[in-house]
Amino acid sequence: MSFIDSLLAGLSLVGNLESFLALAIGVAIGVIGGAIPGLSATMAVALTLPFTFTMQPITGILLLLGVYKGGIFGGSIPAILIKTPGTPASSATVLDGYPLAEKGQAGKALGMALWASCTADVISNLSLILFAGWLASFALSFGPPEFFTLILFSLTIIAGVSGESLLRGALSAMLGLLLATIGLDLVYGTNRFTFGDPNMMGGLNFIAVLIGLFAIPEILAMVWNPRSHEGTTRIIGKNWVTFGEYKKSFKSIVRGSFIGVFLGSIPGIGAAPSAFLSYSEARRTSANKENFGKGEIEGVAAAEAGNNGVAGATLIPLLALGVPGDVITAIIIGAFMIHGLQPGPMMFILNVDIIYGLFIGLIVSSVFLFLLGSVAIRGFKYVADIPRGVLFPAVLILCVYGVFAVNNNIFDVGVMFAMGWVGFLMLRYRIPAAPFLIAFILGPLLEDNFRQAMLMSGSSPAILFRGPITWFFWAVTAITVVAIVHTGIRATRKGLDQHKENEE
């Protein structure tokens, strides 16, 4: 079939009310699911999957893709309004989204999150359509050594989110790396720091750690000092972004989108590391880098572009190789198989009409994401007007429910509260939480890929320098570390000079 014939065949599959309705409903379910702390886009897709069994293949798959895309954006709503990421992918959005909300600019932050999400979604979808084959073949060239050097470079993000003190940021990251080692050792199968408790063999539940680290400390802070929260109800303000603000952040949005596309095309990375890497790069290159973490609109744009850029790209290995790009696409691949479809190279020959139908549906989903996201902002923005004495207990109930529902395990709720006290102490002593979270996410990936590389090479470190990909990441890691040290020395000198001037 020619390109035009394939396009027309795909259009005939999705050019009907049923497919458009499935996309719209899917996006709406995703936004609501993502906006409920602890529920996450993954769970929303999993809960929606059984409803697709009786649908036409293209309709059911489009419904799930709509839930996926809506869920990634929906997580930014509670991240900005109540400092509780709805999904792990929205963790980086908290860093500048919540400070903007405290300044009475929650609506502006939500508006920028929507614009950045939709822009990144379009770029990710176009990348899937245009470069699926090439990116998938490139992703195949990544082995444990390449993953190790990529993740090592990603850990340099910690310097960008450490705030005023790199030492505190490093301390936070070391704690995150330590807790990430809890559980079953995947290489030798031994237990580490489980203390004989079978609940800890699988490690600490990420959702429990995430919610405990960000949501519970805010509740504890209000209980600790209720008067400090009186009269601090956030003003939503304008829920639209000016063209000038969008233009100012456009470079970071595009860069974050392509970071998401690149990392999304590599199976197993996920949206959270992409969001943090995009945020770090935006901070490094921005003229307002000092304002990041204090309420910088460009920071929200970069974080949301990074996580939404992953959404379309995770379908690249799924469609081209039959390998799911992340947990959500692992669920979606089940929908393909239930309907008798086997993702992979042969699908581009045997089911090209479905491939092009999905491409068209993905483009349309970006439109629905913008329309329904705008409605969601207007609806959820009233959360900020609820008195904190009412809001925080409600948030606590949602947190407990969301964490328990992941594995139906009360132990995870205990982990959430324990991490809540850890987060509260970090908040009181101004130790940033973001480095902890980044290290907790990337630590197991770094360790597992390093050990696999050593097993492959018979413990020879030379394998970590085996090709151009590893050399590239070693080079950019070295450049980044030098830049961090140089910036730290310059800041120290500036502080000393200012101290001398004050003494004189």
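We use all heavy atoms of the structure for the numbers below, so side chains are in, but hydrogens, waters and symmetry mates are not. None of the values given here were measured: they were computed from a predicted structure.
Contact of the I363 side chain with the L126 side chain is registered, since non-hydrogen atoms from C-beta on lie closer than 4.5 Å. No side-chain heavy atom of L150 sits under 4.5 Å from any side-chain heavy atom of I469. Residues L62 and V14 meet the side-chain proximity criterion, which asks for heavy atoms closer than 4.5 Å. Inter-residue side-chain proximity for T149 and F472 is flagged as unmet; no heavy-atom pair is nearer than 4.5 Å. Inter-residue side-chain proximity for F276 and S280 is flagged as unmet; no heavy-atom pair is nearer than 4.5 Å. Counting only heavy atoms from C-beta outward, the side chains of L100 and K108 never approach each other to under 4.5 Å. Within the 4.5 Å cutoff, the side chain of I123 has heavy atoms near those of the S127 side chain. The shortest side-chain heavy-atom distance between F153 and W474 does not fall under the 4.5 Å cut-off.
With sequence neighbours excluded, the residues that form a side chain to side chain donor-acceptor pair (under 3.5 Å) with S90 are T87. With sequence neighbours left out, the side-chain contact (heavy atoms from CB on, under 4.5 Å) criterion links F424 to P217, L220, A221, W224, W421, R428. Taking the side chain to side chain donor-acceptor pair (under 3.5 Å) definition, one finds that E281 meets it with R284, sequence neighbours left out. Listed by chain and residue number, nothing satisfies the ring pair (Phe, Tyr, Trp, His ring centres under 6.0 Å) test with F436 (two or more places apart in sequence, or in another chain). Residues meeting the salt bridge (Lys or Arg N to Asp or Glu O under 4.0 Å) test with E447, sequence neighbours left out: R192, R451. By the salt bridge (Lys or Arg N to Asp or Glu O under 4.0 Å) test, E296 pairs with K248, sequence neighbours left out.
Taking CG of L171 as the reference point, atom OH of Y429 lies at 13.0 Å (rounded to 0.5 Å). One finds the OG1 atom of T477 at 11.5 Å from the CD1 atom of I151 (value rounded to the nearest 0.5 Å). A distance of 9.0 Å separates CZ of F243 from CZ of F250, quoted to the nearest 0.5 Å. Taken to the nearest 0.5 Å, the CG atom of N205 stands 11.0 Å off from the CE atom of M416. Taking CG of L49 as the start and CG of L63 as the end, the distance is 9.5 Å to the nearest 0.5 Å. For the atom pair CG (D121) and CD1 (I72), the distance works out to 10.0 Å, reported to the nearest 0.5 Å.
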Report, one line per pair, each donor and acceptor closer than 3.5 Å where one atom sits in a side chain of residues 437-446; sequence neighbours left out.
none

Return a table of donor-acceptor pairs under 3.5 angstrom between the side chains of residues 254-263 and protein atoms on other chains or two or more places apart.
unit_1: R255; atom_1: NH2; unit_2: S252; atom_2: OG; d: 3.3
unit_1: R255; atom_1: NH2; unit_2: T285; atom_2: OG1; d: 3.0
unit_1: S257; atom_1: OG; unit_2: I253; atom_2: O; d: 2.7

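Sorted by first then second residue, the salt bridge (charged side-chain N to carboxylate O under 4.0 Å, His left out) pairs that include residues 20-33, not counting sequence neighbours, number zero. Residues in residues 77-100 take part in these salt bridge (charged side-chain N to carboxylate O under 4.0 Å, His left out) pairs, two or more places apart or across chains: K83-E218. Applying the salt bridge (charged side-chain N to carboxylate O under 4.0 Å, His left out) test to residues at least two apart or on different chains, none of the pairs has a partner in residues 19-32. For residues 297-319, there are no salt bridge (charged side-chain N to carboxylate O under 4.0 Å, His left out) pairs, not counting sequence neighbours.
Residue V67 is tested with L23, I25, T48, V27 for a side-chain contact (heavy atoms from CB on, under 4.5 Å); the sole match is T48.
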### Task
Output, in order, the C-alpha distance, side-chain angles, deciding distance and verdict of ring pair (Phe, Tyr, Trp, His ring centres under 6.0 Å) for F473 and F148.
CA-CA 9 Å; F473 284 118; F148 171 77; over 10 Å; no
### Task
Go through the steps to decide whether S374 and L114 satisfy the test side chain to side chain contact (heavy atoms under 4.5 Å, CB included), and finish with yes or no.
CA-CA 8 Å; S374 300; L114 178 60; 3.3 Å; yes
### Task
Check step by step if side chain to side chain contact (heavy atoms under 4.5 Å, CB included) holds for F359 and I355.
CA-CA 6 Å; F359 288 166; I355 292 289; 3.6 Å; yes
### Message
Working note: N125 + K69, criterion side chain to side chain donor-acceptor pair (under 3.5 Å); need CA distance, chi angles, decisive distance, verdict.
### Response
CA-CA 11 Å; N125 291 338; K69 290 180 176 292; 3.0 Å; yes
### Message
Between L358 and L315, is the side chain to side chain contact (heavy atoms under 4.5 Å, CB included) condition met? List the steps.
### Response
CA-CA 10 Å; L358 290 175; L315 297 174; over 6 Å; no
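Between the side chains of T93 and Y98, no donor-acceptor pair of N or O atoms lies under 3.5 Å.
V310 and S124 get closest at one heavy-atom pair: C-OG, 4.3 Å. Here the closest non-hydrogen pair linking P435 and P432 is CD-O, 3.6 Å. Across S249 and I297, no two heavy atoms sit closer than the pair OG-CG2, 4.3 Å. Here the shortest heavy-atom pairing between S278 and A303 reads OG-N, 4.4 Å. Between F73 and S117, the shortest heavy-atom distance links the atoms CD1-OG, 3.5 Å. The two residues I431 and R168 come nearest to each other via the heavy atoms CG2-O, 3.8 Å.
In terms of modelled atom types and a separation under 3.5 Å, the side chain of N307 and the main chain of A89 share a donor-acceptor contact. A donor-acceptor contact shorter than 3.5 Å is absent between the side chain of N288 and the backbone of N291. Under the 3.5 Å distance criterion, the side-chain polar atoms of S76 are left unmatched by any main-chain donor or acceptor of A113. The main-chain N or O of S286 is never found under 3.5 Å from a side-chain atom of K251 such that the two would form a donor-acceptor pair.
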